[in-house]
A.B. asks: 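Below: one structure in structure tokens.
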2 protein chains.
Amino acid sequence: MTEKVVLVDHLISEIKKGAFQSNKKLPSEHVLADQFKVPRMVVRKAYEQLQDLGYIYSKQGKGSYVQDSKIQIPLILSGDVSFTEKMKELHFPFQTITIFCEEVPFDQKIFQSLNVGNDEKVFKIGRLRLIDELPIALHTSFVAQTIFPEIEKDGPNISSMFLYYKQRGFLEFGSNSSTLNVIFPTPNEREILQCSNLVPLLQVESECVDKNSGQVLEHTVIIYRSDYFTYVI
Amino acid sequence: MTEKVVLVDHLISEIKKGAFQSNKKLPSEHVLADQFKVPRMVVRKAYEQLQDLGYIYSKQGKGSYVQDSKIQIPLILSGDVSFTEKMKELHFPFQTITIFCEEVPFDQKIFQSLNVGNDEKVFKIGRLRLIDELPIALHTSFVAQTIFPEIEKDGPNISSMFLYYKQRGFLEFGSNSSTLNVIFPTPNEREILQCSNLVPLLQVESECVDKNSGQVLEHTVIIYRSDYFTYVI
DNA sequence: GTACGTTCACTTGGCAACAAGATACATTGT
DNA sequence: ACAATGTATCTTGTTGCCAAGTGAACGTAC
């Protein structure tokens, strides 16, 4: 066990140092096992963990190779600027696609924060954020039909939630205190964000309120791939 | 590979549900392999990953058992209250011990943020935060000797940095924009925080400034175990 | 009856041999 | 000469067997 961890630590440090950058090929399991005087099984376990972490990939008959290193995006978490505006400022080739708009079953926490009864309809709108075609965040907005009656029909075609709200008379927005959590992705989230199961996600949960009336417009859950972001608060 | 992931997902969900709470013993590798109709090796890999994640532990000859579930601590990240005050408010059996006070070699980023030249002495003071005797965060303060000449001698005995600063004429503190990162622990951090290598850590980096003069008093790096905290910003 | 030792059934841990994919190179047939 | 095919030797992936630790059941000596 401790031998595997030593190997993993060493390899991650080498990868980050760029030691394998020339051809990006890692030493074969047999060679590394001889070098470190450990059974091949230990090297295999280390390589497998590096795969799960997204550092390398292995191909039977060929070898193991380091994954392309990832971009690091500084992300301003606070403030009331929209995600799109934040990204445009940074000149990243940025894109958003709406991937679902569907009614959600009753959920104590969400319904309460939206201040609606359990017989009301609440929709969740999922918008996937991509940079360079790579999915890097999933933005889920929970919206009550009582506030936006046409949300079911409009949902799939909204390009900017903020714009949508503005067009309906809500001019200035704020967000109350956000909660942060570090989570591992569910199978569904893994598929959407195209990451392995050991990539930690930063989950930010907050509410968007209309500054004028104080009304909660949406309950928001955003999950960011933590391997792409540095957060600034 | 995908079989392992399915198993890991399933087991984590069962553990969180408390399905094994009665005796906390997981099914033996052989039994689980039969149930899911997969080779025992797959179960072994899944169990090993759960060990690395800190969910379970295995004992040769006995079996595999779920780890005690962890407390969840709501943590206010913003504001200028000290960590100690935050914890006392929440009535956790809280404790801090200073574990190191040593000079650090030149580091561009740190020295620049402290506004000192590369021939000046800078000390890092490490304070371990414990709740119920469990290490849950490591608070590292980088302090320049030019500002606090006695820091090398005083360092090991400082109970509260804020108090130390106040006693030296700095009355009101603020912090500039903090950066957040999700990282995995280094070997050293694993030993200090007594966690396995797949426990994500939240790293918060900021500066403590004297509101009066605007002078940077310390460069701060705090790492929190993400499995113990929910962060509020 | 009791204390002690043995066996046995079950657990996780480890390993060596084998399977299977990839590639370079030699061999062979035309 | 050239193309197709076999072959040797790399690579990673899989499997099955045995080692080692544990504890309960059992047997036996006293």
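Quick note on labels: first sequence line is chain A, next is B, and so on, each numbered from 1. Side-chain atoms are counted along with the backbone in the values below, which use heavy atoms only and exclude waters and symmetry mates.
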A.B. asks: Could you label the plane-to-plane angle of the Tyr224(B) and Tyr231(B) rings as parallel, tilted or perpendicular, counting under 30° as parallel and over 60° as perpendicular?
C.D. replies: perpendicular

A.B. asks: Quick one: on DNA chain D, does Met41(B) or Tyr47(A) contact a more 5' nucleotide (nearest heavy atom)?
C.D. replies: Tyr47(A)

A.B. asks: For Lys45(A) and dT12(C), what is the distance between atoms NZ and C1' respectively, to the nearest whole Å?
C.D. replies: 11 Å

A.B. asks: Under 3.5 Å, is there a donor-acceptor pair between the Arg129(A) and His139(A) side chains?
C.D. replies: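 His139(A) and Arg129(A) do have a side-chain donor-acceptor pair below 3.5 Å.
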
A.B. asks: Nearest whole angstrom, please: distance from the P of dG21(C) to the CD of Glu29(A).
C.D. replies: 16 Å

A.B. asks: Rounded to whole angstrom units, what separation is found between the NZ atom of Lys25(B) and the P atom of dG23(D)?
C.D. replies: 11 Å

A.B. asks: Output the rounded distance in Å from CG (Leu32(A)) to C1' (dT12(D)).
C.D. replies: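 After rounding, the reported distance stands at 14 Å.
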
A.B. asks: Whole angstrom is fine here: how far is it from OH in Tyr65(B) over to C1' in dT12(C)?
C.D. replies: 11 Å

A.B. asks: Would you mind reading off the distance between Arg40(A) atom CZ and dC10(D) atom C1', rounded to a whole angstrom?
C.D. replies: 12 Å

A.B. asks: Expected output is a numbered-order residue list: members of residues 55-62 of chain B with a heavy atom under 4.0 Å from any atom of DNA chain C. What is it?
C.D. replies: Ser58(B), Lys59(B), Gln60(B), Gly61(B), Lys62(B)

A.B. asks: Within the 3.5 Å criterion, strictly below it, is a donor on Glu205(A) or Ser178(A) matched to an acceptor on the partner's side chain?
C.D. replies: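 On atom types as modelled, these side chains do not qualify, holding no pair under 3.5 Å.
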
A.B. asks: Does a sphere of radius 6.0 Å around CD in Gln35(A) hold more than 12 heavy atoms from other residues, nucleotides or ligands, not counting ones at 6.0 Å or beyond?
C.D. replies: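 Yes, the 6.0 Å shell around CD holds more than 12 heavy atoms from other groups.
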
A.B. asks: Hey, are Asp227(A) and Arg225(A) close enough for a salt bridge, meaning a charged N less than 4.0 Å from a carboxylate O?
C.D. replies: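 Between Arg225(A) and Asp227(A) there is a salt bridge, with a charged N closer than 4.0 Å to a carboxylate O.
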
A.B. asks: Whether Ser28(B) contacts dC10(C) is assessed here as follows: a side-chain N or O lying under 4.0 Å from the phosphate OP1 or OP2. Is that the case?
C.D. replies: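 For dC10(C), OP1/OP2 do not have a side-chain N/O of Ser28(B) under 4.0 Å.
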
A.B. asks: Using whole Å, what does the distance between atom P of nucleotide dT11(C) and atom CG of Asp34(B) come to?
C.D. replies: 10 Å

A.B. asks: Would you indicate, yes or no, if dG13(C) has its OP1 or OP2 atom less than 4.0 angstrom from a side-chain nitrogen or oxygen of Arg44(B)?
C.D. replies: yes

A.B. asks: Phe36(A) and His10(A): aromatic ring centres closer than 6.0 Å?
C.D. replies: yes

